[in-house]
Number of protein chains: 2
Amino acid sequence: MTLIPSPAQLPTVRPLVTVDLAILTVREHRLHVLLVRRPTEPAEPYPGHWALPGGFIRVGTDQTLLDCAQRKLAEKTGVESPYLEQVAAVGSADRDPRGWSVTHLYLALIPSNDVILRAGANAAAAEWHPIEGDRVNVPLAFDHESLLALALDRLRAKIEYTSLPAFLLVEPFTLPELQHVYEVVLDRPVEKSAFRKRLFAQDFIEATGASRETGKRPAALYRLRYRDKPVYFPRTFSPRGD
Amino acid sequence: MTLIPSPAQLPTVRPLVTVDLAILTVREHRLHVLLVRRPTEPAEPYPGHWALPGGFIRVGTDQTLLDCAQRKLAEKTGVESPYLEQVAAVGSADRDPRGWSVTHLYLALIPSNDVILRAGANAAAAEWHPIEGDRVNVPLAFDHESLLALALDRLRAKIEYTSLPAFLLVEPFTLPELQHVYEVVLDRPVEKSAFRKRLFAQDFIEATGASRETGKRPAALYRLRYRDKPVYFPRTFSPRGD
DNA sequence: TCAATAGTGTCTCTTAGACACTATCGT
DNA sequence: ACGATAGTGTCTAAGAGACACTATTGA
């Protein structure tokens, strides 16, 4: 790949390029998203608004889009290697008042126990906000409400047929804990027996041998057999097979 | 949305932003992708190589990323409203020798009958190339081989559980024709009876009343009930339910 | 009447949902 | 022994694959 400088016909006016993160976790039986406050200088767009964490690609620092997302996630949460997936790119002339911009939305799933929230250089505060349906209880900057909705759609769609919720728990976890996470995200009860048969059929978890003592009958602890990728189930969880 | 100019802290060095298209069709019992030849000036990267059609976002012309993709598709093929879906964004420091660049890959499905190929301003020739497995029979410019593989993965994955192949046919079409398209893309035979039961269960096609005369028994003609979105099937086509 | 393709009926197998049942803990 | 939670077994229903069967055309 030879580097041939050809300044001719490269566009001189280029869009702004950003990465935004929908960092989701389950705390207190609810799905939460991590939000940061935008700086309050009036020269900034949406001063003081809540927003998804994110920022511009640093051409000198970031080697790839994914690197950039990973860097921002680590800056905000200290979490190094979570589940991280690109959801979509959204670009238009008017989504940012500062000019034509494209953002690259990533979905991150992390166990809430792991997190140490850090107020980044560019964000006064970072806080977990509970999800209500498709939204959060505060208005968001830019088009971040629709970006959040995109990320939630993706999560809910994939949860119907993948093992994604396992990435919302610290290992090892029990099957009742995992089932509970499915129920929180899907916002509907899941049948215990069918749930377990499904999991075992995919053979993606293995018993550690230990069990969690809770005062009642202890539950067996499991860990993931493959830590990087989710497992795909042959059918969805939909009740009555619809 | 007030427009507040704030030149401070906007990045001065910005990535190149492009859109690339994997335009697929079925011709002569094979899946084909539309490729264009890159200009031959030696100052250009990959002069004379085959590439996916695409180009830079025009900040002054394109309102959104999707608009840009639609414009490029119409320029190359004359097709106005095909099935068009964003597959992924790929960005890194080294995928384009001219600098840090992000491309936005779109998958387009069109009926080959509809197409009038047009050599664009920036492309000496546009040609259909047959797909062999994950690849095409010529080397491609940039990282377009992996982009093509991404688009094919997406198509093949979705075809297992959606009605996407219907967008590769001109309406009205017969069920044997539709089945044949599934078989071409999946590269495996599909069982006739199960195939038809599946389609009818989703209730997304309707008989026109007419039928196609072929010399043997005529086949009933169908049209799509909903032209914009594919239908999702409850299970995949995988043989032996795996 | 025959070849060829379109279209249907029937059987089986797999798997999810429902739900009742058993198992194991602390008190 | 009992309450509570963990975990299993069994029945049923839905849908897919397999495949044989019927239907409709031209020659």
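Just so we're on the same page: letters track the sequence lines, and every chain starts at 1.
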message: Which residues pass the salt bridge (charged side-chain N to carboxylate O under 4.0 Å, His left out) test with A:Glu177, not counting sequence neighbours?
response: A:Arg212

field: Whole angstrom value for the distance that separates P of D:dA16 from OH of B:Tyr182
entry: 12 Å

- request: Check whether more than 12 heavy atoms from other residues, nucleotides or ligands sit under 6.0 Å from atom CZ of B:Arg225, and answer yes or no.
  value: yes

message: Tell me the interatomic distance from A:Glu177, atom CD, to D:dG7, atom C1', rounded to whole angstroms.
response: 15 Å

statement: A:Arg196 CZ to C:dA18 P, in whole Å, measures 17 Å

task: Pick base, sugar-phosphate or nothing for B:Ala201, based on heavy-atom distances below 4.0 Å to the nucleic acid.
output: nothing

task: Heavy atoms only: give me the nearest A:Leu21-A:Leu73 pair and the separation to one decimal.
output: CD1-N, 3.6 Å

Between A:Thr18 and A:Thr103: side-chain donor-acceptor atoms closer than 3.5 Å: yes

- prompt: Can you tell me if B:Glu191 uses its side chain to pair, donor with acceptor, with the backbone of B:Ala194 under 3.5 Å?
  reply: yes

message: From CZ of A:Arg188 over to P of C:dA18, roughly how many Å is that when rounded to an integer?
response: 10 Å

query: Roughly how many Å is it from CZ in B:Phe195 to P in C:dT8, rounded to a whole number?
result: 13 Å

task: Take the protein atom CZ of A:Arg198 and the nucleotide atom P of D:dT8, then report the distance between them rounded to whole Å.
output: 18 Å

field: Rounded distance (Å) that lies between atom C1' of C:dT5 and atom CD of B:Gln179
entry: 12 Å

message: Would the base of C:dT14 count as contacting A:Lys197 through its side chain, where contact means a donor and an acceptor less than 3.5 Å apart?
response: no

statement: Expected string for nucleotides 19-27 of chain D under the B/S/- scheme (protein heavy atoms, under 4.0 Å, primed atoms plus P, OP1, OP2 as sugar-phosphate) is B---BBBS-

field: Carboxylate-amine/guanidinium contact A:Glu127 A:Arg27, below 4.0 Å
entry: no

field: Interatomic distance where CG belongs to A:Leu175 and P belongs to C:dT24 [whole Å]
entry: 17 Å

